[in-house]
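Working notes, beginning with the structure itself.
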Amino acid sequence: MTPVLVINSGSSSFKYQLVDVETERALASGLVERIGEATGVATHTVFFFFGEGVGVTVTNATTRIERPIPDHTTGFAVMLDAFDAQGPSLERARPVAVGHRVVQGGARFFEPTLVTPLVEINIDELSALAPLHNPGALQGIRAARAAFADVPHVAVFDTAFHQTMPAAAYTYAIDRETAQKHRIRKYGFHGTSHKFVSEAAAAFLGRPLSDLSQIVLHLGNGASATAIRGGESVDTSMGLTPLEGLVMGTRSGDIDPSVLGVLARREDMTPGELDTFLNKRSGLLGLAGASDMRDIDSRRREGDVDATLAFDVYIHRLRAYIGAYLAQLGGADVISFTAGVGENSAVVRAAALETFGFAGVRLDAERNASSERGIRIISTDDSPVTVLVVPTDEELEIARQAHAVATA
């Protein structure tokens with residue numbers, strides 16, 4: 001057993017998962033939330049495996065704890081108590097590394113990095129580019145380093161995978177001195193997921209990663225598309241922040257920047273209010289009053305006009321990015337769907353690819369509609385472009401990267 005503890009920390013919560021990188025199984029997972037409120041909540045789930053190979057079965061047991069959790073340090077103490085009381089024992093399954101998800105690594109971090117005091121300073125400085133994410137990640141890192149002082153800690157950056165993008169892809173057409181002064185450029189996000197899915201697709205197909213041109217569609221409440229050539233990101237839909245690109249659950253995605261000026265003048269909205277408007281009150285929620293694609297699709301089938309428009313806008317934007325990336329790549333060998341919507345919505349997958357027969361995309365309706373789980377092909381046998389559903393596992397990818405750095 002080679003356990004790695006994976007931490008995904010926000011300003012008032014953190015998720016964790018203990019992963020055995022040898023078997024690639026999650027041994028336990030949990031969520032500590034409402035940090036700083038009168039009553040915090042922690043849930044801890046232990047996984048039990050029975051059998052071997054394809055015959056393995058999995059059961060789990062979950063406990064819930066409610067108590068004041070004033071800060072992340074207390075939250076880690078609560079997590080450690082849960083491991084002691086419910087298992088698995090961290091004495092027997094002592095982590096060999098702790099991997100931390102950090103959203104924004106800027107142009108400084110292009111690979112997983114051993115956490116040092118200097119790295120912490122850099123993560124803090126990069127909070128200017130990710131004020132909603134990096135400060136929480138840093139709190140989690142500091143609390144985790146105190147709790148696991150004798151274990152290597154590794155920061156895995158969402159932006160790192162996209163550092164291979166050429167300048168033409170990441171440069172915005174604004175005054176270059178201003179852009180350089182404020183580090184304004186496209187960084188891209190969901191990189192850990194895009195890396196995991198593109199590598200899993202190549203392994204599943206038995207083809208060298210270096211030979212493949214791929215489009216990965218990470219469609220969840222947050223959504224992004226990435227064009228990948230030879231295992232390297234060449235373009236991605238999210239930009240300076242995770243707001244740019246596709247229509248998402250509550251985020252607008254691409255929008256004419258002049259809209260902000262119009263709203264500021266006519267609605268007297270402040271920069272903070274505009275940020276909240278575009279990130280939390282837009283997307284599917286803004287169009288139809290619901291951020292969950294399952295609700296949108298259900299209402300659309302019942303003839304709801306707002307839900308129908310929201311679905312159509314979502315698909316229109318998605319097709320636009322698929323088409324753009326087919327052009328950037330000169331065609332694709334593989335298109336993969338992943339994350340909550342991508343893995344579970346057959347109707348979104350079918351609608352997104354409906355117009356790409358000219359590009360060699362032939363979807364098999366029966367395969368696409370199947371309730372089968374796991375990685376699978378949903379294109380026809382004679383489709384020049386292979387279409388896959390690939391369940392993402394960002395925690396496993398972070399664990400792999402953290403282990404590799406810690407044992408290098």
Side-chain angles (χ1 to χ4, degrees), residues 1-10 13-35 40-67 69 74-101 140 143-144 147-148 150-154 156 192-193 196-197 199-200 203-204 220 338-340 343-344 370-376 389-404 406-407:
M1 185 182 297
T2 308
V4 173
L5 182 63
V6 176
I7 303 294
N8 183 352
S9 186
S13 67
F14 65 87
K15 294 187 290 186
Y16 61 88
Q17 190 170 110
L18 186 66
V19 179
D20 179 9
V21 293
E22 288 187 20
T23 61
E24 300 197 335
R25 291 174 176 172
L27 305 176
S29 68
L31 171 65
V32 179
E33 56 186 333
R34 301 182 187 175
I35 296 173
V41 178
T43 55
H44 181 81
T45 300
V46 185
F47 300 99
F48 304 94
F49 300 87
F50 304 94
E52 298 290 339
V54 295
V56 69
T57 59
V58 184
T59 62
N60 65 76
T62 299
T63 56
R64 177 183 171 92
I65 303 162
E66 293 189 18
R67 53 158 289 185
I69 305 176
T74 305
F76 271 82
V78 171
M79 178 192 74
L80 293 175
D81 287 345
F83 273 108
D84 286 342
Q86 308 299 326
S89 167
L90 293 183
E91 292 298 320
R92 294 193 295 272
R94 183 70 176 171
V96 299
V98 179
H100 297 269
R101 179 191 180 223
F148 297 92
D150 59 340
V151 175
H153 290 252
V154 178
V156 178
T192 306
S193 177
F196 177 88
V197 169
E199 292 177 355
F204 177 75
T338 193
E343 294 172 30
N344 296 298
S370 171
S371 59
E372 180 184 350
R373 310 303 297 172
I375 188 169
R376 59 198 185 276
V389 174
V390 184
T392 192
D393 194 335
E394 293 172 277
E395 288 78 13
L396 174 58
E397 181 61 31
I398 292 171
R400 287 172 174 170
Q401 294 188 37
H403 178 254
T407 58

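Please read all numbers here as calculations on a predicted model, not as lab measurements.
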Heavy-atom closest contact (Val154 atom, Ala406 atom, distance): CG2-N, 4.4 Å

Heavy-atom side-chain contact between Asp393 and Glu24 under 4.5 Å: no

Student check: side-chain heavy atoms of Thr407 and Val96 closer than 4.5 Å: no

Between atom CD1 of Ile398 and atom CG of Leu5, what is the distance when rounded to the nearest 0.5 Å? 11.0 Å

Closest heavy-atom pair and its distance - Val41, Glu66: CG2-CG, 4.1 Å

State the OG1-CE distance between Thr43 and Met79, to the nearest 0.5 angstrom. 12.5 Å

Side-chain heavy-atom pair Glu394, Val6 within 4.5 angstrom cut-off: no

In terms of heavy-atom contacts, His44 and Gly87 come closest through NE2-O, 2.8 Å

Asn8 side, atom CG; Arg101 side, atom CZ - distance, nearest 0.5 Å: 5.0 Å

Side-chain heavy-atom pair His153, Ile7 within 4.5 angstrom cut-off: no

Could you report the tightest heavy-atom contact between Pro391 and Phe196, atom names first, then the distance? O-CE2, 3.5 Å

What closest approach, in Å, do Ala28 and Phe83 show between heavy atoms, and which atom pair accounts for it? CB-CE2, 3.8 Å

Any side-chain to backbone donor/acceptor pair from Thr338 onto Val390? Under 3.5 Å, distance only. yes

Pairwise side-chain contact, Arg25 with Phe49, heavy-atom cut-off 4.5 Å (strictly under): yes

Is the Phe76 to Phe14 ring centre distance short of 6.0 Å? yes

Atom pair CD (Glu395) and CG (Leu18), whose distance is rounded to the nearest 0.5 Å: 12.0 Å

What heavy-atom pair brings Arg376 and Ser370 nearest, and what distance separates the two atoms? NH2-O, 4.4 Å

If I take atom CD from residue Glu22 and atom NE2 from residue His403, how far apart are they, to the nearest 0.5 angstrom? 7.5 Å

Without swapping roles, check the side chain of Asn60 against the backbone of Val46 for a donor-acceptor pair under 3.5 Å. no

Does any N or O in the side chain of Glu343 come within less than 3.5 Å of the main-chain N or O of Thr392, such that one atom is a donor and the other an acceptor? yes

Would you call Asp150 and Arg94 a salt bridge, taking side-chain N to carboxylate O under 4.0 Å as the test? yes

Rounded at 0.5 Å granularity, tell me how far OG in Ser29 sits from OH in Tyr16. 7.5 Å

